[in-house]
Peer 1: 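Take this structure, written in structure tokens, and hold onto it; I'll ask about it next.
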Amino acid sequence: MTPQREIDRLRESAEFVRAAGGEAPEVAVVWGSGFGELGSALEVSATWDYEEVPHFFSCSTGSHSGVLQLGRWAGRSALVYRGRFHLYEGYSAKEVVRPVRLASLLGARTLVLTAATGGIQPNLRVGDLLLLRDHLNFSGHNPLVGPADGFEPRFVDLTHTYAEGLRAIAQEAAQQAFSGPLAEGVYGSLLGPSYETPAEIRFLRAAGADVVGMSVVMEAIAARQAGMDVLGIASITNLAAGLGGGTLSHEEVLAVGREQRQSHEHFFHHLLRRLGPGTDSDRGVDPSSIRLADPKGNEQGEEE
Ligand code: HPA
């Protein structure tokens, strides 16, 4: 028997989600560590534990609830992942990006990736959010390695991995929520799960990284292959190794997420209501090609 191709596995996952009915998602959001309780305004039309979704896995990172939700949020039809799969859990890069590829098969054109990170850029403070402008992939992995398995193109251009237009929209949302702009910078990705050494942080800083984390990059690569527009948002949950003086722990990462919940909730609400069709016009995508679940799903008539 011919082994199943990755695209066929994901088509099964997509069939499963579609069978619940509901709208096709415009936007997919992946909540990372410390973000998992956000999105309380999501009007949920369907919820699944990850184990129920064909070809998904349970989340072994205890803080990730491992729940997939479909619904409406701030006027957008949204697919929300509460938790992600990491390379450090032992999943392959292809397995790590299944949620992103599923979102793309379901029709989502915009992907919001969030993640807890250690701050490297000197002006960052614990609790800040930072918009990703680019990344450094030091994980040693890439989801496009191996048989194409139905996913094209093989050689993906990553010049505009994090869409400039989406960053501009996020800055408008930040102005509303925080009365000021967010920092922007480069995400340095390592495999983990141990935190970095101070020497590694000095290396990352010299290489141009502003924050460090153990996720995001596989997902961003798969999303760009699928032609999705990516917005990457890092939460600074600690200063990176050797910069803060304390001991790094996952508990600290989660505590910062809890403390920031209210202000982050405001920001994401403003962001979601601004994420509509045409946000990728600066990248030459024809807005009429974007599949809209709700033809009335625009900003008009919505209150701030
Ligand atoms: N390093 C890597 N990943 C992280 C960190 C860190 O300091 N903080 C939160 N996730």
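From a predicted model like this one, the values you see are computed outputs, not experimental measurements. First listed ligand is number 1; within each ligand, the first listed atom is number 1.
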Peer 1: State the atoms of ligand 1, each with its element, that fall below the 4.0 Å cut-off from a heavy-atom position in Asn238.
Peer 2: 5 (C), 6 (C), 7 (O), 8 (N), 9 (C)

Peer 1: Go through ligand 1 atom by atom and flag the ones less than 4.0 Å from a non-hydrogen atom of Met214.
Peer 2: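 Ligand 1 atoms under the 4.0 Å threshold to Met214: 2 (C), 3 (N).
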
Peer 1: Using 30° and 60° as the class limits, which term best fits the ring planes of Phe57 and Tyr91: parallel, tilted or perpendicular?
Peer 2: parallel

Peer 1: Where is the nearest protein heavy atom to atom 5 (C) of ligand 1: which residue, which atom, and how far?
Peer 2: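 Its nearest protein heavy-atom neighbour is Gly118 N, 3.4 Å.
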
Peer 1: Quick one: does NZ or CZ of Arg98 land under 6.0 Å from the six-membered ring centre of Phe56, within 45 degrees of the ring axis?
Peer 2: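 No, cation not above the ring by the 6.0 Å, 45° rule.
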
Peer 1: What atoms in ligand 1 come closer than 4.0 Å to a heavy atom of Ala116?
Peer 2: 9 (C), 10 (N)

Peer 1: Does a side-chain N-to-carboxylate-O contact under 4.0 Å join Arg133 and Glu164?
Peer 2: no

Peer 1: In terms of side-chain geometry, is the basic nitrogen of Arg9 or Glu12 positioned less than 4.0 Å from the acidic oxygen of its partner?
Peer 2: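 No, Arg9 and Glu12 are not salt-bridged.
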
Peer 1: Just which atoms of ligand 1 are under 4.0 Å from any heavy atom in Glu196?
Peer 2: 1 (N), 2 (C), 6 (C), 7 (O)

Peer 1: Which atoms from ligand 1 have a heavy atom of Thr237 less than 4.0 Å away?
Peer 2: 8 (N), 9 (C)

Peer 1: Among all protein heavy atoms, pick out the one at the shortest distance from atom 3 (N) of ligand 1; state its residue, atom name and that distance to 0.1 Å.
Peer 2: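 Of every protein heavy atom, Gly213 CA, 3.4 Å lies nearest to atom 3 (N) of ligand 1.
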
Peer 1: So does Glu26 pair up with Arg109, basic N to acidic O under 4.0 Å?
Peer 2: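 No, no charged N to carboxylate O under 4.0 Å.
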
Peer 1: Would Tyr195 count as being in polar contact with ligand 1, using the rule that some N or O on each side must be under 3.5 angstrom apart?
Peer 2: no

Peer 1: With no hydrogens and no angle check, do the side chains of Glu152 and Gln225 hold a donor and an acceptor under 3.5 Å apart?
Peer 2: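 Glu152 vs Gln225: no donor-acceptor pair found between side chains.
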
